[in-house]
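Note that these values count all heavy atoms, side chains included, but never hydrogens, waters or copies made by symmetry. Every chain is numbered from 1, with letters handed out A, B, ... down the list of sequences.
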Amino acid sequence: MNIEIVAPKPYDFAASVRDHGWIALAPFGWIADQNAVQRVERLNDGSVVLLIIAAQEIPDHVRIAAQVEGTSRLSATQRREIEQKVHWMLKLDEEFSEFYSLCARDPELAAKVKGRGRLLRSPTFFEDVIKTICTCNTTWTQTKGMIARLVERLGDPLPSSDPARHAFPTPVQIADAGEKIFETDIRLGYRNTYALRLAREVSEGQRNLEALKSSDLPFKELKKALKQIMGVGDYAAHTLLMILGRYDEIAVDSEFRSFVGRKYANGKTLTDKDMLALYSDWGRWKYLVYWFDSSS
DNA sequence: TTCCAGGGGTAGA
DNA sequence: TCTACCCATGGA
């Protein structure tokens, strides 16, 4: 079964989805020989399917094809859900023309960003908050391990896949799992508490994370709302704002400091403030400008 | 052993 | 608003 979606041009699908490390976090994956994103996805009705998402350039736009495996037929509701999720994951709703025209003032940057900017995100904001918390104060290798264990231990399995592959667990599945399995098997370290607490808040209806996806709150207020989540500080809030399409502020982490130090410091020691000042001219696009400044 | 990685919470000033 | 200290985990 195939679901087709039209994406605007310019759109470099293969580069865009791999520009974000999320492609390496379960249940996402990259199929190199097909230039396709794969993802095990649990639908709202509880069924679990495998999505294989690829793109094809045609004259006026880009055609996204999502192949759905693991079910013999799809209801209209299921098709609509998959369409909406793919649309959100690929950020097909965002407008980047202002960003591209702004980049024209820096030829090196302009050459790099062509058709890029639509960084991969997860279908639910809950998943992206959990993943972001698992990037804090740890290495990327460990983040991948934490998310792989979380998905493998708590997510619903894809029917008849061998070895078993799993969807990202729902807030209820995480909340119901309890602390013990986090300590013995999933091992997020002190983030165990944050993940469980968030899952409980969401599953009990005390926190509506998905509503933030369509929020038109000003940047500062949205940031304030995100920082109310236990485990989310400035770095995580700016990362999550990027995921929501707000690029006003850079997420300062060891990676940012190391890149700016290498490229601009010339042996001097720079404070975070000094480093951020290097990007101050880029208005509401600072995060993306830094992102592509630091990427190849 | 010690350090620290794509930081954040908390207490105290 | 700023600083010092603590935090689980695992690789270097």
task: Using a 4.0 Å heavy-atom cut-off across all strands, classify A:I229 as base, sugar-phosphate, or nothing.
output: sugar-phosphate
- line: From CE of A:M146 across to P of C:dT9 the rounded distance in Å is 10 Å
query: Which heavy-atom pair separates A:L119 from A:H20 by the least distance, and what is that distance?
result: CB-CB, 4.1 Å
message: Strictly below 4.0 Å, N to O, side chains only: are A:D248 and A:R284 in salt-bridge contact?
response: no
- request: Using atom CD1 of A:I250 as one end and atom C1' of B:dG7 as the other, report the distance to the nearest whole Å.
  value: 17 Å
query: Mapping A:H20 and A:K227 to their closest nucleotides on DNA chain B, which lands nearer the 5' end?
result: A:H20
task: State, yes or no, whether a side-chain contact exists between A:Y247 and A:W291 at a heavy-atom distance under 4.5 Å.
output: no
message: Quick check on salt bridge (Lys or Arg N to Asp or Glu O under 4.0 Å): which of A:R39, A:R121, A:R42, A:K85 does A:E127 satisfy it with?
response: A:R39
statement: Between A:E255 and A:G231, the residue closer to the 5' end of DNA chain B by nearest nucleotide is A:E255
- request: Could you give the distance separating B:dG6 and C:dC5 at their P atoms, to the nearest angstrom?
  value: 24 Å
Separation of atom CD in A:E179 from atom C1' in C:dA8, rounded to whole Å: 14 Å
Check: A:Q34 side chain, A:A54 main-chain N or O, donor-acceptor pair, under 3.5 Å: no
message: We want to know whether A:R262 and A:S258 form a side-chain donor-acceptor pair, criterion being a heavy-atom distance below 3.5 angstrom.
response: yes
message: side chain to side chain contact (heavy atoms under 4.5 Å, CB included) for A:W88 and A:K213? Distances and angles first, verdict last.
response: CA-CA 9 Å; A:W88 174 263; A:K213 292 159 95 175; 3.3 Å; yes
- prompt: Does anything in residues 125-142 of chain A reach DNA chain B, meaning a heavy atom under 4.0 Å, and if so which residues?
  reply: A:T135, A:C136, A:N137, A:T138, A:T139, A:W140, A:Q142
task: Let me know the distance between NZ of A:K180 and C1' of C:dA8, rounded to the nearest Å.
output: 17 Å
message: Run A:D19 and A:F292 through side chain to side chain contact (heavy atoms under 4.5 Å, CB included) and show every step you take.
response: CA-CA 9 Å; A:D19 274 332; A:F292 288 107; 3.4 Å; yes
- request: Give one of base, sugar-phosphate or nothing for A:A251, where a contact means two heavy atoms less than 4.0 Å apart.
  value: nothing
task: Evaluate the side-chain proximity of A:I181 to A:L154: yes if any heavy-atom separation is below 4.5 Å, no if none is.
output: yes
- request: Measure from CG on A:D19 to P on B:dG6 and round the result to the nearest Å.
  value: 19 Å
query: Mind checking the P distance from B:dG9 to C:dG10? Whole angstroms is fine.
result: 22 Å
query: Of the residues in residues 182-203 of chain A, which ones touch DNA chain B at a heavy-atom distance under 4.0 Å?
result: A:Y190, A:Y194
- line: To the nearest angstrom, the CG-C1' distance between A:D272 and C:dC2 comes to 14 Å
message: Considering every strand and a 4.0 Å limit on heavy-atom distances, what is the contact class for A:V232: base, sugar-phosphate, or nothing?
response: sugar-phosphate
field: Euclidean distance, atom CZ of residue A:F256 to atom P of B:dA5 [Å, nearest integer]
entry: 16 Å
